[in-house]
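Quick note on labels: first sequence line is chain A, next is B, and so on, each numbered from 1.
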Protein chains: 2
Amino acid sequence: MTVTIKDVAEKAGVSTKTVSRVMNGEAHVRTALRETVMRVVEELGYRPNAFARSLSSARSYLLGMLLDDPAWSGYAAGMQRGALMRCREKHYHLVVEPVDSGVGGWEEELMASIASLRLDGAILTPPLCRLSPLLDRLEAINLPYVRISPGEDESRSGLVDIDEEGAAFAMTEHLISLGHRDIGFIEGIPSHAATPKRRAGFLSAMHRAGVPVGADRIVPGDFTFKGGIEGGEALLRHAKRPTAIFASNDDMALGVSAAAAKLEIAVPSQLAIAGFDDGPTARVAWPPITTIRQPVGEMAAAAVDILIDPAYRDAPGDRRFHRELPYELIIRGSTTAPSA
Amino acid sequence: MTVTIKDVAEKAGVSTKTVSRVMNGEAHVRTALRETVMRVVEELGYRPNAFARSLSSARSYLLGMLLDDPAWSGYAAGMQRGALMRCREKHYHLVVEPVDSGVGGWEEELMASIASLRLDGAILTPPLCRLSPLLDRLEAINLPYVRISPGEDESRSGLVDIDEEGAAFAMTEHLISLGHRDIGFIEGIPSHAATPKRRAGFLSAMHRAGVPVGADRIVPGDFTFKGGIEGGEALLRHAKRPTAIFASNDDMALGVSAAAAKLEIAVPSQLAIAGFDDGPTARVAWPPITTIRQPVGEMAAAAVDILIDPAYRDAPGDRRFHRELPYELIIRGSTTAPSA
DNA sequence: ATGAAAGCGCTAACAT
DNA sequence: ATGTTAGCGCTTTCAT
């Protein structure tokens with residue numbers, strides 16, 4: 001059979017409680033004893049049973065990541081990877097809970113899963129983090145959660161985000177500084193908090209540069225490649241087309257790139273293209289996409305840190321549990337000065 | 001406090017064992033009683049504690065997915081998604097265990113994690129599924145596992161794969177049927193079992209068509225975009241360059257596409273490009289890449305099915321636990337007939 | 001068909 | 001600094 005705490009205690013000639021203390025790195029154990037116990041643990045290959053521990057201690061050492069990303073994009077994958085790595089470091093485990101909010105009954109299923117696993121906390125990614133009824137339910141069962149880029153109700157919980165508006169502003173300034181004045185913009189899906197912020201950043205940079213933005217220069221989008229093709233075509237079919245297009249994420253930027261190829265418009269010489277996210281797809285393109293690097297892995301890791309901070313339960317709305325991580329403007333081949 | 005089985009038993013006027021029977025869908029409970037219990041469960045919002053159940057029953061209802069994919073490509077994400085969905089359906093949970101086999105000590109960490117979670121089974125993805133010492137250790141602790149595309153030691157465990165060689169053969173035939181005779185091939189990373197199989201499929205199709213393959217037409221690769229650029233450049237810098245290039249995966253195919261753009265070779269008119277996998281990147285390209293669809297999600301789901309089959313433990317090597325799923329040739333815009 | 005009692009392996013609370 | 005006791009919430013015998 002598997003080795004239990006009793007076996008270790010017996011062989012080491014101590015009580016199970018002492019073994020428990022050693023395993024959990026608690027104080028009040030003499031070094032000599034601690035070492036004896038450690039040795040026996042090694043010898044026997046003892047691994048504490050996570051279930052027994054959770055059952056008696058109310059802590060599960062399990063964190064959940066709630067994802068609603070039908071496309072399972074690089075964004076979600078990066079988040080997950082970042083959270084996973086930090087969890088591993090801290091001796092927690094991560095349970096990923098994919099959710100399809102398009103289908104009925106998901107909320108019940110999710111709550112059942114959460115309750116039966118007795119999660120210690122949950123990370124909510126966009127657009128889930130804006131579902132107020134979901135937040136209500138999590139609060140009702142007293143489950144601490146941290147939101148990634150929620151964009152509203154800031155004081156309701158810990159959160160991690162970047163300065164979306166500032167980043168969009170910076171990207172727009174980059175395009176303007178290259179000499180572009182007629183710039184098209186493709187929006188994201190409205191359910192994401194980032195959508196209005198990125199647009200606002202774009203508009204305010206244009207405004208500040210004193211460049212008017214025609215209503216036909218802003219088109220809707222949905223964060224997908226296909227949406228980018230459509231948005232790109234809409235912008236490029238004008239008799240007088242923009243010299244640059246700023247898409248609200250990388251996948252749409254690639255769509256614009258495809259639309260340009262179709263219409264035989266050369267990138268970047270005849271059209272500059274910018275994206276947002278710096279996901280895996282941004283690098284797998286030619287020319288590579290100029291974009292905003294959003295440190296998704298670190299954002300998820302920060303969320304884990306907040307969740308496992310013992311102080312978090314008591315003051316989830318406290319400002320010290322709000323992290324704004326730095327973005328980075330990544331200039332690649334898709335943006336150059338407009339040809340005269 | 002949270003509702004326990006005792007609360008339900010009390011309110012329903014039955015023993016805890018009866019509630020347990022109802023919750024687990026066991027026989028020997030009168031319909032009337034069953035319904036009463038169900039009603040009380042609803043009313044109280046009772047959720048069984050997964051830890052308590054696991055502690056007393058030896059089953060954890062937890063499956064692990066072991067991943068060693070530094071790029072965290074679409075392949076890994078698709079696998080995970082497929083496994084996750086099937087687990088949800090079957091009331092299991094999935095714990096993802098990323099592994100960086102480049103770093104020392106990963107094996108100990110992994111084993112500790114597995115042991116403490118008392119996993120019911122594990123899914124091994126490439127290239128981990130070929131690490132014989134790891135398989136030895138899993139067998140030593142008696143943990144059932146299923147491998148995805150292991151390519152060797154077939155009788156050692158259940159496995160799920162596709163006909164890699166047949167798929168590469170089909171792709172090559174497609175290119176030949178379009179009229180290509182001078183075709184370049186970029187290999188995958190040697191640690192993956194798929195690498196030699198895809199090459200073999202390519203070679204045998206060429207051979208069958210009676211087309212000789214020059215040694216300089218096969219170049220090494222590593223499944224990355226960058227590797228694809230390099231491989232593509234190597235093939236395209238020849239005075240007489242191939243009219244088509246078949247890359248062992250999509251990311252490399254995109255790299256070839258980028259290399260062609262750099263060298264101002266038009267795709268598909270001057271160069272046809274084919275990939276393999278049909279990952280998310282294949283569609284986010286222009287022209288979209290002709291490729292082989294590998295049903296990664298279904299493969300992972302099949303692995304879950306095998307693991308939770310009660311008969312699997314007793315005969316893991318049995319042929320009925322080997323699944324070969326169908327691939328599909330997806331013809332997109334990147335392959336057309338060579339221009340005369 | 002249903003129930004009573006005895007753990008599963010660990011930790012919290014309380015000794016000592 | 002270390003040990004003892006009593007559960008955590010469920011399932012497993014084994015009765016009835």
Side-chain angles (χ1 to χ4, degrees), chain A residues 1-38 40-41 44-62 91 93 112 114-120 310, chain B residues 1-38 40-41 44-62 91 93 112 114-120 310:
Chain A
M1 267 308 292
T2 43
V3 183
T4 75
I5 198 171
K6 271 190 185 166
D7 303 322
V8 177
E10 211 163 300
K11 184 149 184 202
V14 299
S15 75
T16 58
K17 180 65 218 185
T18 301
V19 179
S20 170
R21 286 201 176 92
V22 172
M23 293 309 290
N24 294 292
E26 286 171 33
H28 307 303
V29 184
R30 270 184 325 197
T31 323
L33 242 193
R34 163 163 269 126
E35 277 164 6
T36 314
V37 172
M38 300 276 253
V40 175
V41 166
L44 263 36
Y46 168 64
R47 314 281 190 205
N49 181 325
F51 298 115
R53 172 198 292 201
S54 305
L55 187 56
S56 52
S57 73
R59 294 248 288 294
S60 68
Y61 294 93
L62 243 41
H91 297 286
H93 293 276
I114 288 174
S116 85
L117 283 176
R118 304 295 194 264
L119 295 185
D120 284 348
Chain B
M1 266 308 292
T2 44
V3 184
T4 74
I5 199 171
K6 269 189 186 167
D7 303 321
V8 177
E10 213 163 297
K11 183 151 184 203
V14 299
S15 75
T16 59
K17 178 64 219 186
T18 300
V19 178
S20 169
R21 285 200 178 95
V22 172
M23 293 307 290
N24 294 293
E26 284 170 34
H28 305 304
V29 184
R30 269 184 324 193
T31 323
L33 242 193
R34 164 163 270 126
E35 277 162 6
T36 312
V37 172
M38 300 276 252
V40 175
V41 166
L44 264 35
Y46 168 64
R47 315 281 190 202
N49 181 324
F51 297 113
R53 176 201 291 209
S54 303
L55 186 56
S56 49
S57 74
R59 293 251 287 298
S60 67
Y61 294 93
L62 243 42
H91 298 285
H93 292 276
I114 288 174
S116 87
L117 283 176
R118 306 295 196 262
L119 295 185
D120 284 348

Can you tell which of [options] lies closest to the side chain of [X]?
X	options	result
A:Thr2	C:dG3, D:dG3, C:dG9	C:dG9
A:Lys17	C:dA12, C:dG9, C:dT2	C:dA12
B:Pro48	D:dT2, D:dC10, C:dT2	D:dC10
B:Asn49	C:dG3, C:dG9, D:dG9	D:dG9
A:Ala52	D:dC10, D:dT11, C:dG9	C:dG9
A:Ser56	C:dC10, D:dT2, C:dT2	C:dC10

Taking only the side-chain nitrogens and oxygens of [X], find out if one of them lies under 4.0 Å from OP1 or OP2 of [N].
X	N	answer
A:Ser57	C:dT11	no
A:Arg53	C:dT11	yes
B:Ser15	C:dA4	no
B:Ser20	D:dT11	yes
B:Tyr61	D:dC10	no

Could you state the atom-to-atom distance from [atom1] of [X] to [atom2] of [N] in whole Å?
X	N	atom1	atom2	value
B:His28	C:dT2	NE2	C1'	11 Å
A:Leu55	D:dG7	CG	P	14 Å
A:Ile5	C:dG9	CD1	P	11 Å
B:Leu44	D:dG9	CG	C1'	15 Å
B:Glu26	D:dT11	CD	P	8 Å
B:Lys6	C:dG3	NZ	C1'	15 Å
B:Arg47	D:dC8	CZ	C1'	20 Å
B:Met23	C:dT2	CE	P	17 Å

The single option from A:Val19, A:Asn49, A:Val41 passing side chain to side chain contact (heavy atoms under 4.5 Å, CB included) against A:Ile5: A:Val19

Residue B:Met23 excluded, over 12 heavy atoms near CE under 6.0 Å: yes

Taking every non-hydrogen atom, the tightest pair across B:Glu26 and B:Arg34: O-NH2, 2.8 Å

Donor-acceptor pair (no angle test) under 3.5 Å: A:Arg21 side chain, D:dG3 base: yes

Student check: side-chain heavy atoms of A:Ser116 and B:Arg53 closer than 4.5 Å: no

Atom pair OG1 (A:Thr2) and OH (A:Tyr46), whose distance is rounded to the nearest 0.5 Å: 10.0 Å

